[in-house]
Amino acid sequence: MIAGVERDGHPILELVLGDITQQDTDAIVNAANSSLLGGGGVDGAIHRAAGPELVARCRLLGGCRTGEAKVTPGFRLAAGWVIHTVGPVWRGGDSGEALLLASCYREALARADEVGARTISFPAISTGMYGYPAVEAAHVAVSTVLVTPTAVEVVKFVCFDRMAFDAYQNAFAELRPTE
Ligand code: ADP
């Protein structure tokens, strides 16, 4: 853990620079597309690491709408569960992107609660191919997790690059509760 925020009655938030496929939290979140049949970026990395059983299971789910989340086992991953969510494509910020992105985090936590996952790792949903600006996305991610009721105890934000990491550090600093 490189940085963290802890608040009574809410998950401990952690920030790490790394590869989400290597995380041993109970669940990891996939920034999927609506087909749930695999793609590039973090989605491709998760499918490669989980093995072909993952796409076979995803085929049974009938896709996923933007802002929603569906859960599968993690198969060959260290994580027991993969929670697939579909982030919004950035269209300039006036098309409900922030509400949809917040919904991804809430829905993922709801799926984690349903399967009893107590630790979860999130990538920076929508900030790759889907073009959501990193600073705004990190703010939505951290502020949503901080106010969402959940039995999850640890939320790890896994940043693939320094730019994402810095964006989360800013969000942590802004949202850190004052004494
Ligand atoms: P989206 O289509 O939702 O934008 P992407 O996969 O293109 O999804 O990117 C989402 C974020 O995930 C980006 O910040 C990207 O750098 C990051 N990412 C890509 N591969 C990994 C990985 N293996 N672990 C963690 N984050 C990753």
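Every number for a ligand or one of its atoms is a count from 1 in the order of the listing. Computed over heavy atoms, backbone and side chain alike; hydrogens, waters and symmetry mates excluded.
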Q) Can you tell me the protein heavy atom closest to atom 16 (O) of ligand 1 and the distance? A) Phe160 CB, 3.7 Å

(Q) Do Phe172 and Phe157 have side chains that approach each other closer than 4.5 Å (heavy atoms only, starting at C-beta)? (A) yes

**Q.** Closest approach of any protein heavy atom to atom 7 (O) of ligand 1, naming residue and atom
**A.** Met129 N, 2.8 Å

Q: Run the numbers for me: atoms of ligand 1, each under 4.0 Å from some heavy atom of Asp19, listed by number.
A: 22 (C), 23 (N), 24 (N)

Q) Is it true that Ser126 lies under 4.0 Å from ligand 1, counting heavy atoms only? A) yes

Q | Closest protein heavy atom to atom 4 (O) of ligand 1, given as residue, atom name and distance to 0.1 Å | A | Gly128 N, 2.8 Å

Q. Is a donor on one side and an acceptor on the other found under 3.5 Å between the side chain of Ser121 and the backbone of Val158?
A. no

Q.
Do Thr119 and Val152 make a side-chain contact, defined as non-hydrogen atoms from C-beta onward lying under 4.5 Å apart?
A. no

Q: Check if Thr127 has a non-hydrogen atom at a distance under 4.0 Å from any atom of ligand 1.
A: yes

Q.
Distance under 4.0 Å to a non-hydrogen atom of Ile20: what atoms of ligand 1 satisfy this?
A. 22 (C), 24 (N), 25 (C)

**Q.** Test item: Arg111 and Lys70 side chains (from C-beta on) under 4.5 Å apart, heavy atoms
**A.** no

Q | Numbered atoms and elements of ligand 1 in range of Ala31, under 4.0 angstrom, heavy atoms | A | 3 (O), 8 (O)

Q) Given side chains that start at C-beta, do those of Glu97 and Leu99 come closer than 4.5 Å, heavy atoms only? A) no

Q: State, with a plain yes or no, whether a side-chain heavy atom of Arg57 is found less than 4.5 Å away from one of Leu60.
A: yes

Q) Which residue and non-hydrogen atom of the protein lie closest to atom 6 (O) of ligand 1, and at what distance in Å? A) Val42 N, 2.8 Å

(Q) Within the 4.5 Å heavy-atom criterion, are Val82 and Leu77 side-chain neighbours or not? (A) yes

Q. To the nearest 0.1 Å, how far is atom 10 (C) of ligand 1 from its closest protein heavy atom, and which atom is that?
A. Ala124 O, 3.3 Å

